[in-house]
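Accompanying notes for the structure given below.
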Amino acid sequence: MIIIMKPRTAEADILSLVASLNEQGMRVDRSDGDDCTVIGVVGNVAAIDESSYLLRPGVERVMRVSEPFKLANRKFHPHDSVIDVAGVPVGGKRLTVIAGPCSVESEEQLCGIAEAVKNSGAALLRGGAFKPRTSPYSFQGLKEEGVSLLEKARKRSGLPIVTEIMAERHIELFNETVDLIQVGARNMQNFDLLKELGKIRKPILLKRGLSNTIEEWLMSAEYIMAQGNPNVILCERGIRTFENYTRNTLDLSAIPAVKRLSHLPVIVDPSHATGKNWMVESMALAAIVAGADGLMIEVHNDPQHALCDGAQSLTSEQFAAIMEKARRLAPVVNREL
Ligand code: PEP
Ligand code: MN
């Protein structure tokens with residue numbers, strides 16, 4: 001952290017600031033220029049509330065020079081992390097595709113989709129059981145029954161299962177049954193939930209919040225990791241902007257940014273990012289080129305009658321077509337599918 005003092009600050013104010021930093025266990029490196037003094041602060045600056053230093057007499061500016069996330073930071077872990085999801089590696093050279101319906105609706109629906117997406121090359125099956133809906137009157141998911149149907153579909157298809165958790169009270173159930181626990185955009189900053197998920201070892205798929213910065217997203221990963229669970233996979237799913245043609249704005253630039261800042265794998269969800277089935281293909285392929293480690297795509301047996309997110313859902317034939325193109329594209333960017 002660097003503190004820049006205003007020109008002509010009284011020496012007593014500088015000394016008192018330095019003393020207080022030393023009291024907090026910080027090392028201080030002072031440099032006196034012609035106009036102003038600059039104070040370099042080294043130590044556990046993450047624990048300091050830098051804004052309080054702005055209130056000190058003579059302080060002009062306070063700047064952080066290091067990122068506040070440590071365990072998620074590539075600086076301290078230069079190699080890409082590969083997260084094992086029930087035997088499926090996420091990260092590394094191979095792209096991982098997660099596919100399935102927005103919501104689990106019935107056994108026939110889920111098992112049929114599971115078979116189809118597996119045949120096209122999906123490695124993991126998704127399906128919402130507890131649904132975070134904007135309206136309390138909308139379909140809320142089959143809840144525990146949905147999780148049981150996911151287990152059945154896993155048994156029949158052999159695909160590990162991914163589903164969203166919304167409440168701490170479900171952690172035990174999810175830890176026993178689910179292979180990859182999804183934290184949805186709306187819960188990205190549910191810090192109590194994140195902390196509890198840090199106490200288990202199940203991989204966590206952490207979606208980016210609706211209006212969250214990359215740093216906030218990585219800080220949420222840090223919450224999970226700081227409790228001891230290193231198995232975090234990030235998922236970019238579009239953010240809110242002024243543009244309302246699409247459901248969200250897919251932030252493709254977040255992928256190289258996250259890859260530079262962090263060693264965690266990052267996948268892209270072009271379905272929620274666009275809200276339109278006909279845009280999913282181009283955004284999925286673009287995500288691969290941008291360096292994503294995989295995709296999460298919504299597929300439905302009958303999108304017109306889906307209980308949730310039909311407009312962005314692909315038929316299994318449309319999904320198969322994307323997989324075919326992705327398979328041909330992957331080697332161009334030195335990936336496998
Ligand atoms: C989902 O993946 O089903 C979902 C609700 O996505 P998000 O949290 O990104 O809106
Ligand atoms: Mn959905």
Side-chain angles (χ1 to χ4, degrees), residues 85 96-105 109-110 113 117 122 124-136 138-143 146-147 149-150 161-167 170 174 178-190 193-194 197 203-212 214 216-217 220-221 232-241 246-252 254-255 258 266-277 279-280 283-284 287 292 294-315 319:
V85 180
T96 308
V97 179
I98 306 172
C102 178
S103 304
V104 177
E105 297 175 14
Q109 174 238 21
L110 188 64
I113 296 171
V117 298
L124 302 169
L125 174 68
R126 67 150 284 149
F130 295 87
K131 292 302 302 176
R133 304 305 300 278
T134 300
S135 164
S138 303
F139 175 58
Q140 302 287 306
L142 296 183
K143 308 194 171 79
V147 176
L149 294 180
L150 281 160
I161 53 179
V162 187
T163 194
E164 176 169 351
I165 194 161
M166 295 213 295
H170 293 139
F174 275 57
V178 174
D179 299 302
L180 174 58
I181 302 177
Q182 177 173 325
V183 174
R186 289 153 193 82
N187 274 308
M188 190 205 85
Q189 287 191 313
N190 182 341
L193 178 63
L194 300 178
L197 290 170
I204 309 296
L205 181 65
L206 180 65
K207 296 191 93 175
R208 183 176 179 181
L210 304 159
S211 297
N212 285 109
I214 290 167
E216 287 164 345
W217 188 17
S220 288
V232 179
I233 300 165
L234 301 165
C235 178
E236 162 63 42
R237 46 77 75 204
I239 49 174
R240 285 218 165 146
T241 66
T246 44
R247 182 174 181 180
N248 291 292
T249 297
L250 178 57
D251 184 7
L252 281 174
I255 303 162
V258 163
V266 55
I267 68 164
V268 168
D269 170 354
S271 307
H272 291 89
T274 61
K276 297 181 193 301
N277 61 0
M279 276 194 185
V280 171
M283 292 301 99
L295 300 165
M296 176 147 93
I297 295 180
E298 286 189 342
V299 177
H300 199 275
N301 53 318
D302 183 7
Q304 281 188 33
H305 297 104
L307 295 181
C308 184
D309 288 351
Q312 68 195 33
S313 297
L314 304 181
T315 61
F319 176 70

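We count ligands from 1, going down the list as the structure has it; atoms in each ligand are counted the same way.
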Check whether any side-chain N or O of [X] sits under 3.5 Å from a backbone N or O of [Y] as a donor-acceptor pair, and report yes or no.
| X | Y | result |
| --- | --- | --- |
| N277 | L314 | no |
| T163 | G127 | yes |
| D251 | E236 | no |
| Q189 | G209 | no |
| S138 | R133 | no |
| R237 | P270 | no |
| S211 | R240 | no |

- For residues H300 and D309, is any side-chain donor paired with an opposing acceptor at under 3.5 Å?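 Absent: no donor and acceptor within the cut-off.
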
Which residue and atom name correspond to the protein heavy atom nearest [atom], and how close is it?
| atom | value |
| --- | --- |
| atom 8 (O) of ligand 1 | A185 N, 2.8 Å |
| atom 3 (O) of ligand 1 | R126 NH2, 2.8 Å |
| atom 4 (C) of ligand 1 | H272 NE2, 3.5 Å |

Close-contact set for ligand 1 against [X] heavy atoms, below 4.0 Å:
| X | value |
| --- | --- |
| G184 | 8 (O) |
| E164 | 4 (C), 5 (C) |
| K131 | 3 (O) |

- Task: To 10°, measure the OD2(D309)-the Mn ion (ligand 2)-NE2(H272) angle for me.
- Result: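 So the angle at the metal works out to 90°.
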
- Item | Heteroatom N/O/S of C102 within less than 2.8 Å of the Mn ion (ligand 2) |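 An N, O or S atom of C102 is closer than 2.8 Å to the Mn ion (ligand 2), so yes.
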
- Item | Sub-4.0 Å heavy-atom contact, R208 with ligand 1 |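 Distance cut 4.0 Å: R208 fails for ligand 1.
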
- Task: Specify which N/O/S atom of E298 comes nearest to the Mn ion (ligand 2), by atom name.
- Result: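 For E298, the N/O/S atom sitting closest to the Mn ion (ligand 2) is OE2.
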
- Task: Using heavy-atom distances, let me know which of K207, R186, R237, M296 sits nearest atom 6 (O) of ligand 1.
- Result: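 Of the listed residues, K207 has the closest heavy atom.
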
- Message: Taking distance alone, with N or O pairs closer than 3.5 Å, would you say P132 contacts ligand 1?
- Response: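 Checking ligand 1 against P132, no N or O pair falls under 3.5 Å apart.
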
